[in-house]
Number of protein chains: 2
Amino acid sequence: METKQELQQAELNELVLPELKNFKTTPTLVAEALRNGILKGVIRSGQTLRQEELAATFGVSRIPVREAFRQLEAEGLIKIYPHRGAVVSSLSAFEVQELFEIRVPLETTALRLAIPNMTVLDLQKAARILDLADREEASGRWGELNWDFHASLYAPAARPRLLAMLVNLEQNVDRYMRLVLTGLDYQQHSQAEHRELLAACRDKDIEKAVALLTGHIEAAGQKLTAYLRQSEEPKPV
Amino acid sequence: METKQELQQAELNELVLPELKNFKTTPTLVAEALRNGILKGVIRSGQTLRQEELAATFGVSRIPVREAFRQLEAEGLIKIYPHRGAVVSSLSAFEVQELFEIRVPLETTALRLAIPNMTVLDLQKAARILDLADREEASGRWGELNWDFHASLYAPAARPRLLAMLVNLEQNVDRYMRLVLTGLDYQQHSQAEHRELLAACRDKDIEKAVALLTGHIEAAGQKLTAYLRQSEEPKPV
DNA sequence: AATTGTAAAATTGGATACAATATCCATCAT
DNA sequence: ATGATGGATATTGTATCCAATTTTACAATT
């Protein structure tokens, strides 16, 4: 009797706790708005974020804005310079390269853990995303679907913390990646690699899948860093 | 003349010192204090952090405390429950295992990148830390030196972002690791593994070093999760 | 006696106002 | 033109107030 009640209590608690987290407070909402703005390119790299201005546009006071700043800084999206303001962090070619160097071992780890857990449904979902991406080549949504595909492969790993880190890393390079993604040839090449990768997952061939994923991420990194390096070349005076 | 100037310099330096301290803003200082408190075990897992109480003890207002909360939450050290307060996050055995699963690929990546860059000085420094750790077996400082050794191996990689991620991961498991580190047999075993690892680095044998490091981290993870699992067994009345 | 309902206290969330400090920028003298 | 100076601007931090929510305590009902 009592044990049953205790079990129910434990179950309910686990259901309620994440629910409480979902109560979004103003700082969280502001942080989400700013994050979206940064990721969608509405707020550009290097732009300074003025507390009062943002507070006015969001219709809130400065306090939630400042708390949002702290959160975004911890995520690496902005950088707070004391008494000078917060600026959207801009990454150098070297820093982008470092992020890709981190992504390779982390994403392959996620994939390794995921493949044994992949169900037919998981594979179907990933395939559906790829088909969707084919039809969205022109629009800006392709980049989003690109990540959705990757995320759908890692989800079966059931490692929330690892996935959160990957999402964060992706967000940090996403703004820059858009510059490269515009090329249609890259999209088609990437889609082909995705299909190869998905096939390897379907065959449960972990080593092949990992090798493909490694090459895929490294290629994207090379493309992006090359682009950034040439953009950085023209030195002022 | 010169003495006068030197005196002025000294005076100016004394004026500048508090200025340098001001480089860190109050929320950052509060965050550091809380982080230290959590890492050193002064603030225990599950404990709720009351804004007003902390503001009073630090002699500041609630606002910097709240900003510090946001920062620490992003680091994973605390969790903010809206309207209910912030609590020091406690990790389950599964969550600790996930963190170790992440550490392995990341730390080995750092090591791979570091070994080619290691100078004789780097190796000497690492060896010195090991010798120091031998003499600090009893004290609580051993855990600190344990990480210092690892960090000294990764530093030559010159990947600031990667190192920051590793520091954060280490901080998250550190509190729990202390429970295991108390065993003297573990310390001696760990030290032996460290010396093997250092030797491999000295030989620039990347694959051997990576294999040793992988085993070393996985063993620590196994030890800790096993401990936590048995601690979690006894269910609270 | 146990459960339910309600009111009050405590705590957090947020806004406004104000003081202090640092930075930026235009002006001025050399 | 160059560098210093002072004010404008922006950020930081604090205090005070009120709203919202949670928790606690107490009363009421069954």
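Residue numbering restarts at 1 for every chain, and letters A, B, ... go by the order of the sequence lines.
For B:Glu98, there are no salt bridge (charged side-chain N to carboxylate O under 4.0 Å, His left out) partners at least two apart in sequence or on another chain. Listed by chain and number, the residues in a side chain to side chain contact (heavy atoms under 4.5 Å, CB included) with B:Arg178 are B:Asp174 (sequence neighbours excluded). For B:Thr57, the side chain to side chain contact (heavy atoms under 4.5 Å, CB included) partners two or more places apart in sequence, or in a different chain, are B:Leu54. Checked against side chain to side chain contact (heavy atoms under 4.5 Å, CB included), B:Ala155 has no partners two or more places apart in sequence or in another chain. Residues passing the side chain to side chain contact (heavy atoms under 4.5 Å, CB included) test with B:Ala114, sequence neighbours excluded: B:Met118, B:Pro156, B:Ala157. Not counting sequence neighbours, the partners of A:Glu67 by the side chain to side chain donor-acceptor pair (under 3.5 Å) test are B:Arg66, B:Arg70. Partners of B:Tyr227 by ring-ring contact (aromatic ring centres under 6.0 Å, His included), not counting sequence neighbours: none found.
The interatomic distance linking B:Leu49 (CG) with C:dA10 (P) rounds to 20 Å, in whole Å. Atom CZ of A:Arg50 and atom P of D:dT9 are 13 Å apart (whole Å). A straight line from CD of B:Gln51 to C1' of D:dT22 spans 14 Å, rounded to a whole angstrom. Atom C1' of nucleotide C:dT11 and atom CD1 of B:Ile80 are separated by 14 Å, given to the nearest angstrom. Between the CD atom of B:Glu53 and the C1' atom of C:dA10 there is a distance of 13 Å, given to the nearest Å.
OP1 and OP2 of C:dG13 both lie 4.0 Å or more from every side-chain N or O belonging to A:Thr25.
Listed by first and then second residue, the salt bridge (Lys or Arg N to Asp or Glu O under 4.0 Å) pairs involving residues 49-64 of chain A are A:Arg50-A:Glu53 (not counting sequence neighbours).
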Strictly under 3.5 Å: I want the nitrogen or oxygen pairs between protein and nucleotides 24-26 of chain C, one per line.
from	atom 1	to	atom 2	distance (Å)
C:dC24	OP1	A:Arg84	NE	3.1
C:dC24	OP1	A:Arg84	NH2	3.1

Measure all distances between protein nitrogen or oxygen atoms and nitrogen or oxygen atoms of nucleotides 5-9 of chain C, and list the pairs falling under 3.5 Å.
none

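Taking the six-membered ring for Trp and thresholds of 30 and 60 degrees, A:Trp142 and A:Tyr186 have ring planes more than 60 degrees apart, a perpendicular arrangement.
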Indicate every side-chain donor-acceptor pair of residues 160-173 of chain A with a distance under 3.5 Å to a residue at least two apart or in another chain.
from	atom 1	to	atom 2	distance (Å)
A:Arg161	NH2	B:Asn172	OD1	3.2
A:Asn168	ND2	A:Glu75	O	3.0
A:Asn172	OD1	B:Arg161	NH2	3.2
A:Asn172	ND2	A:Glu75	O	3.1
A:Asn172	ND2	A:Asn168	O	3.0

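In this structure, the nucleotide among D:dG13, C:dT12, D:dT12 sitting nearest to the side chain of B:His83 is C:dT12.
Checked by atom type, the side-chain pair A:Ser90/A:Tyr176 shows no donor-acceptor distance below 3.5 Å.
Applying a 4.0 Å cut-off to non-hydrogen atoms, the residues of residues 61-74 of chain B that approach DNA chain D are B:Ser61, B:Ile63, B:Pro64, listed by residue number.
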